[in-house]
Amino acid sequence: SDIYSLGATLYELLTGNPPFYQGDITYQIINETPKPIEGVSQQMNDVALKCLEKDLRKRFRTCEELKKVLNYDKIIIKKNEKISSSERPPIPGKIVSDQLIDMVFVKGGSFEMGRGKRFFSSNPEHSVTLDNFYIGKYEITQKQWKAVMGNNPSHFKGDDLPVENVSWNDVQEFLRKLNQITGKHYRLPTEAEWEYAARGGNKSRGYTYSGSDNLDDVAWYKRKTHTVGQKAPNELGIYDMSGNVWEWCSDWYGANYYSHSPETNPQGPTSGKYRVLRGGSWLNSVSICCVTVRNWEGSGYSDSIVGFRVVR
């Protein structure tokens, strides 16, 4: 009916997604109830969900009846207008402009992955070909994490510092909520995508670190984390891929994976005990921050040296 369609439109405006958009949608429309909407008043929740009632007798009978309730809801909001903006929960789908994720386009191509003479796990060097993708210009900051998750697990506090002390599992929950809010498909980079971007993609000049052969030019690797984007970027305009915090990748870690990984868009082993980390951190020595070095930890591991960036 028109009321149901109006409710579905209202629901999508408030959440960034239709009431049902994954799995067997027809079955869900007939048999399931949409999830409550986070970050809006109870009255607005009631309005949207009443429009989507399965039982026609429980829906609004006319648009005029719906209009009267919406006007009442405006009065309720007006009575609460003295509540400061910092006390109100963020509205899903509306991350303010200074919290949007700045992405860099990475043109697909081929490169030689690996090489670390001192590190067995980075051998053998092997050919990899990747499709186009976008990657975060910066590591995810604490401001961005708080806008999505409503908390800040970091040891070093600061809105523009990279979020850290987050496990691989924590990041999956962040991505789930971020995708629900934005309607996009953000994810962690594969290990191959991460290294290709860190090397400068098809603009690579073959640097040891991400953007330079001199680590001080491009990385923080002493004492603590620092505000993202303060050092020089690499050839693609991406910051802090060496140093600051280790960055989670989507892949399971496999010590011998490089010996038999597929050449095109490798995704990592199908199972494992550890997840891959890349880039080095504020705590590491110069040699650990080069673009080929691999690290690995369990999915539940978190520390002040560990953060991430996203791709889509």
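We find the CH2-CG distance between W296 and D251 to be 14.0 Å, quoted to the nearest 0.5 Å. Interatomic distance, CZ of F308 versus CZ of F174, reported as 4.5 Å (0.5 Å rounding). To the nearest 0.5 Å, atoms OG1 (T182) and CG (L175) are separated by 10.0 Å. Separating the CD atom in E164 from the CD1 atom in I140 is a distance of 14.0 Å, to the nearest 0.5 Å. One distance of note links OG of S281 with CG of N244; it measures 8.5 Å at 0.5 Å rounding. Remark: L178 CG to M149 CE distance equals 10.5 Å, nearest 0.5 Å.
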Could you please spell out the steps behind the side-chain contact (heavy atoms from CB on, under 4.5 Å) verdict for D240 and E139? CA-CA 7 Å; D240 302 307; E139 294 157 331; 3.8 Å; yes
side-chain contact (heavy atoms from CB on, under 4.5 Å) between W248 and V306: does it pass, once the steps are laid out? CA-CA 8 Å; W248 287 112; V306 175; 3.1 Å; yes
Candidate pair D213 and T208, rule side chain to side chain donor-acceptor pair (under 3.5 Å), full reasoning: CA-CA 5 Å; D213 286 327; T208 301; 3.2 Å; yes
Would V228 and K137 satisfy side-chain contact (heavy atoms from CB on, under 4.5 Å), going step by step from the backbone distance to the final call? CA-CA 9 Å; V228 300; K137 189 174 186 176; over 6 Å; no
Walk me through whether F156 and W282 qualify under ring pair (Phe, Tyr, Trp, His ring centres under 6.0 Å). CA-CA 12 Å; F156 302 106; W282 61 269; 5.3 Å; yes
Apply side-chain contact (heavy atoms from CB on, under 4.5 Å) to S250 and T190, showing your working. CA-CA 5 Å; S250 61; T190 65; 3.8 Å; yes
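Within the 3.5 Å criterion, the main-chain N or O of P162 finds no donor-acceptor partner in the side chain of W145. Panel note: side chain N17, backbone Q180; a donor-acceptor pair is recorded below 3.5 Å. Side-chain N or O atoms of S242 include one that pairs as donor or acceptor with a backbone N or O of C289 at under 3.5 Å. Without hydrogens or angle criteria, E12 side chain to A8 main chain gives no donor-acceptor distance under 3.5 Å.
The shortest non-hydrogen separation linking S304 to V245 is O-CG1, 4.2 Å. Across all their heavy atoms, I135 and A197 have their closest contact at CD1-CB, 3.8 Å. Scanning both residues, G237 and V104, for their nearest heavy atoms gives O-CG2, 4.2 Å. Counting all heavy atoms, side chain and backbone alike, P19 lies closest to L52 at CG-CD1, 3.9 Å. Nearest heavy atoms, L236 versus G200: CG-O, 3.4 Å.
Annotation: K58, atom NZ; neighbour count of heavy atoms from other residues, nucleotides and ligands within 6.0 Å does not exceed 12.
When the ring-ring contact (aromatic ring centres under 6.0 Å, His included) test is applied to Y257, the partners found at least two apart in sequence or on another chain are H260. Qualifying ring-ring contact (aromatic ring centres under 6.0 Å, His included) partners for W194, counting only residues two or more places apart in sequence or in other chains: none. The side-chain hydrogen bond (donor to acceptor under 3.5 Å, both in side chains) test applied to N202 returns no partner, not counting sequence neighbours. Residues meeting the side-chain hydrogen bond (donor to acceptor under 3.5 Å, both in side chains) test with T9, sequence neighbours left out: none. Not a single ring-ring contact (aromatic ring centres under 6.0 Å, His included) links W252 to another residue, sequence neighbours left out. For the side-chain hydrogen bond (donor to acceptor under 3.5 Å, both in side chains) test, residues two or more places apart in sequence or in another chain that qualify with W246 are N284. Residues forming a ring-ring contact (aromatic ring centres under 6.0 Å, His included) with Y239 (at least two apart in sequence, or on another chain): Y138. Remark: S167 pairs with D170 by the side-chain hydrogen bond (donor to acceptor under 3.5 Å, both in side chains) rule, at least two apart or across chains.
Using a cutoff of 4.0 Å between basic side-chain nitrogens and carboxylate oxygens, K50 and E53 are not scored as salt-bridged.
Looking only at side-chain heavy atoms (C-beta outward), W220 and T225 stay at 4.5 Å or farther from each other. Side chains of T292 and E125 form no contact here, defined as non-hydrogen atoms less than 4.5 Å apart. Side-chain atoms of Q144 and V163, non-hydrogen and from C-beta on, never get closer than 4.5 Å to each other. By the 4.5 Å heavy-atom criterion applied to side chains, V311 and L188 are not counted as neighbours. Residues S302 and P153 fail the side-chain proximity criterion, which asks for heavy atoms closer than 4.5 Å. Taking 4.5 Å as the limit, every side-chain heavy atom of L161 sits out of range of all side-chain heavy atoms of K224. Side chains of V106 and Y134 form no contact here, defined as non-hydrogen atoms less than 4.5 Å apart. A 4.5 Å side-chain heavy-atom check between E297 and L277 finds at least one atom pair inside the cut-off.
Note on residues 303-312: pairs passing salt bridge (charged side-chain N to carboxylate O under 4.0 Å, His left out), not counting sequence neighbours, are E247-R309. For residues 226-237, every residue pair satisfying the side chain to side chain donor-acceptor pair (under 3.5 Å) rule, not counting sequence neighbours, is listed here: S210-N234. Residue pairs that meet the salt bridge (charged side-chain N to carboxylate O under 4.0 Å, His left out) test with at least one member in residues 189-209, sequence neighbours left out, are R187-E193, E191-R278, E191-R294, E195-R199, E195-R278.
In summary, the side chains of S127 and E112 do present a donor paired with an acceptor at a separation below 3.5 Å, with no hydrogens or angles considered. Side-chain contact annotation: S154 with N152, donor-acceptor N/O pair under 3.5 Å present. A donor atom on one side chain and an acceptor atom on the other are found under 3.5 Å apart for Q42 and D46. A donor atom on one side chain and an acceptor atom on the other are found under 3.5 Å apart for Y221 and D216. A donor-acceptor contact closer than 3.5 angstrom is absent between the side chains of D159 and Q142.
Each of V291 and I288 belongs to its own hydrophobic cluster when Ile, Leu, Val, Met, Phe, Trp and Tyr are linked at side-chain heavy-atom distances under 4.5 angstrom. In the hydrophobic clustering of ILVMFWY residues, with side-chain heavy atoms under 4.5 Å counting as a link, L6 and L14 come out together. In the hydrophobic cluster analysis, where Ile, Leu, Val, Met, Phe, Trp and Tyr join through side-chain heavy atoms closer than 4.5 angstrom, V128 is grouped together with F133. The hydrophobic clustering, which links ILVMFWY residues whose side-chain heavy atoms are closer than 4.5 Å, places V218 and Y207 apart.
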In a table with atom names and distances, give each donor-acceptor pair under 3.5 Å that connects a side chain of residues 261-274 to protein atoms at least two apart or in another chain.
from : atom 1 : to   : atom 2 : distance (Å)
N265 : OD1    : D131 : N      : 3.0
N265 : ND2    : D131 : OD2    : 2.9
Q267 : NE2    : N265 : O      : 2.9

